[in-house]
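Report on one structure; see the data block that follows.
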Amino acid sequence: MKIQSQQKGTFGTYLDLVKGKRSVEQSSDDLLFGLLKSLSETDPQPIPDVLSTSGMSVSEFATSLQTLQELDMVNVGEEEDRGKVVALTAGGARFVSFRGGAEGED
């Protein structure tokens with residue numbers, strides 16, 4: 001009998017909600033900004049590390065990463081010692097600093 005590996009998808013998202021790791025109200029914009037903010041703290045980062053700390057499913061992460069690349073907010077490259085890495089562009093860094101400052105204001 002072959003056991004299939006379980007991928008985090010809809011059920012994984014459900015478990016995150018139950019465990020309080022993610023709120024129902026978290027929009028795709030919040031996920032994108034969370035990813036950008038994470039990249040602003042340590043830049044560049046190996047893609048597997050970013051995925052594991054993002055709290056996103058693989059499909060959410062792939063879609064978010066593609067969207068951020070299309071918006072020219074991140075670059076994906078390859079480093080000899082770390083494999084594929086993702087880093088903020090100058091525009092992505094400006095967006096994080098602008099939105100981060102705006103969130104603190106009421």
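These numbers were taken from a predicted model, which means no experiment stands behind them.
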With the 4.5 Å side-chain cut-off for hydrophobic clustering, are [X] and [Y] part of the same group?
X	Y	value
Met56	Leu65	yes
Leu35	Phe33	yes
Phe95	Val50	yes

Pairing residues for Arg94 by the salt bridge (Lys or Arg N to Asp or Glu O under 4.0 Å) criterion, not counting sequence neighbours: none
Qualifying residues under salt bridge (Lys or Arg N to Asp or Glu O under 4.0 Å), relative to Glu41, sequence neighbours excluded: none
By side chain to side chain contact (heavy atoms under 4.5 Å, CB included), which residues pair with [X], not counting sequence neighbours?
X	result
Ser40	Lys37, Leu88, Val96
Asp72	Asn75, Thr89
Leu51	Ser54, Val58, Phe61
Gln66	Glu70

Reported CG-to-CG distance for the pair Leu39 and Leu68, which is rounded to 0.5 angstrom: 8.0 Å
Any donor-acceptor pair under 3.5 Å from Ser38 side chain to Gly34 backbone: no
Residues forming a side-chain hydrogen bond (donor to acceptor under 3.5 Å, both in side chains) with Glu78, sequence neighbours excluded: none
Where at least one partner belongs to residues 79-89, residue pairs that pass salt bridge (charged side-chain N to carboxylate O under 4.0 Å, His left out), sequence neighbours excluded: Glu79-Arg82
